[in-house]
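Heads up: the structure comes next, in structure tokens.
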Amino acid sequence: MTVSAIFNPARWRPVEGFKFKDLTFHRAVDQGTVRIAFNRPEVRNAFRPQTIMELSRALEAARENPQVGVIVLTGQGDMAFCSGGDQRVRGDTGYLTEPGAASGVGRFHVTDLQVQMRRLPKPIVAMIAGYAIGGGHVLHICCDLSIAADNARFGQTGPKVGSFDGGYGASLLAAQIGQKRAKEIWFLCRQYDAQQALGMGLVNAVVPLAELEAETVGWCREMLELSPFSLRLLKASFNAGEDGMAGVQQLAHDANLLFYASEEAQEGRDAYRERRRPDFSRFPKRP
């Protein structure tokens, strides 16, 4: 694999034991970050059932590895993060395993994938160059943070191709940018550039394409210096909020009370009292 604006092979090494066809799977050489990339540039990194199943396996492997603290989701190449479902394999009842298949059971595994991303107790960062469109746009919405290159393009296509996402694709989008903007994106199927996305709160940062990987790795490095269990509880608390605020306060405060009794929380407290940098390196990044 060659060097590109968003892939420097000196920074990553392949994760052993995985031979994916639709993805690349790497771990940073100097920190607990993994990089999962859609690898179907011929269709702007659109996904098919095999892609989703491979991505689910990669996410589960990252979750179960206690040395991994942050996950980067991106697309191979500079032209697309992910352009959603591959319409070439869309059948009458879902997505089929092969283009042009006359029969077969349609699949829609991306729904399960979205839930998996939300439940995974480690931050997922979308690193976006080029198109994040349709189902690919929904996947970046499901990520915890999104960092975009200045060539990124965002938007929905569902009503153009006879599809829609009334779940996370609608509800999370509205929670992130407001009902009126979310309806505009879905009802008009327009595309938005990176600065427009930043202005509406759809992404966290926009950087030049050549700086995208370095910027994303920097954000990951900052999170890896923090308490992994705190990040786990925060992610769960943010997500629970969208399921109803009533139970969140009790959940979060009870969890925090339990957390205070742990050595990990006490390291943060003691470091503050002793006016030193906390050392969280000895604490596991739990699967």
Side-chain angles (χ1 to χ4, degrees), residues 4-7 35-47 51-52 55 71-87 90 110-111 113-114 117-118 123-213 215-216 219 238 242:
S4 74
I6 63 168
F7 182 75
R35 178 188 187 273
I36 305 171
F38 296 102
N39 191 28
R40 304 186 75 220
E42 71 280 3
V43 287
R44 291 182 174 172
N45 291 325
F47 55 74
T51 318
I52 298 302
L55 180 51
I71 298 155
V72 173
L73 182 63
T74 189
Q76 200 60 35
D78 306 339
M79 299 307 297
F81 169 75
C82 175
S83 60
D86 186 347
Q87 297 303 297
R90 178 179 164 186
V110 71
T111 304
L113 177 71
Q114 294 167 3
M117 292 170 65
R118 300 266 292 170
I124 304 175
V125 183
M127 183 171 72
I128 303 164
Y131 289 98
I133 298 292
H137 188 261
V138 176
L139 290 181
H140 109 80
I141 290 169
C142 290
C143 291
D144 301 298
L145 299 170
S146 294
I147 302 175
D150 52 10
N151 76 333
R153 301 286 294 181
F154 300 87
Q156 286 299 338
T157 59
K160 283 187 175 181
V161 297
S163 180
F164 68 96
D165 187 331
Y168 288 138
S171 61
L172 283 185
L173 183 62
Q176 291 172 13
I177 67 173
Q179 285 278 347
K180 295 292 187 181
R181 277 293 199 180
K183 289 178 180 179
E184 173 190 325
I185 288 175
W186 274 105
F187 290 0
L188 300 180
C189 294
R190 293 174 176 172
Q191 291 187 14
Y192 303 84
D193 64 29
Q195 288 300 328
Q196 289 173 306
L198 181 64
M200 66 177 77
L202 195 56
V203 299
N204 297 93
V206 175
V207 298
L209 177 63
E211 300 174 13
L212 179 60
E213 185 181 77
E215 183 73 12
T216 303
W219 284 52
F238 277 118
E242 280 123 16

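- Panel note: side chain Asp144, backbone Val125; no donor-acceptor pair is recorded below 3.5 Å.
- Taking the six-membered ring for Trp, His140 and Phe154 have ring centres closer than 6.0 Å.
- Listed for the Asn204 side chain is a donor-acceptor partner under 3.5 Å among the backbone atoms of Ser146.
- Considering CD1 of Ile147 and OG1 of Thr216, their distance stands at 4.0 Å, rounded to 0.5 Å.
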Just do the side chain to side chain contact (heavy atoms under 4.5 Å, CB included) check on Phe47 and Leu55 with the steps written out, would you? CA-CA 10 Å; Phe47 55 74; Leu55 180 51; over 6 Å; no
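- Put simply, CD on Glu213 and CZ on Arg35 are 6.0 Å apart, with the number rounded to the nearest 0.5 Å.
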Take Ile124 and Val72 through the test side chain to side chain contact (heavy atoms under 4.5 Å, CB included) and record every step on the way to the result. CA-CA 6 Å; Ile124 304 175; Val72 173; over 6 Å; no
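- Judged purely by atom type and a 3.5 angstrom limit, Ser83 uses its side chain to pair as donor or acceptor with the backbone of Val43.
- In this structure, the side chain of Asn151 engages the main chain of Gly130 through a donor-acceptor pair within 3.5 Å.
- Taking CZ of Arg181 as the start and CD1 of Ile185 as the end, the distance is 7.5 Å to the nearest 0.5 Å.
- Here the side chain of Trp186 pairs a donor or acceptor atom with the backbone of Gly169 at under 3.5 angstrom.
- For the pair Arg153 and Tyr192, the cation does not sit on the ring face, since its NZ or CZ is not both under 6.0 Å from the ring centre and inside 45° of the axis.
- The distance from atom CD of Gln191 to atom OG1 of Thr157, rounded to the nearest 0.5 Å, is 9.0 Å.
- For Glu211 (side chain) and Pro208 (main-chain N/O), no donor-acceptor pair under 3.5 Å exists by modelled atom type.
- Asn45 contributes a side-chain N or O that, together with a main-chain N or O of Gln76, makes up a donor-acceptor pair within less than 3.5 Å.
- Side-chain atoms of Gln114 do not come within 3.5 Å of backbone N or O of Cys142 as any donor-acceptor pair.
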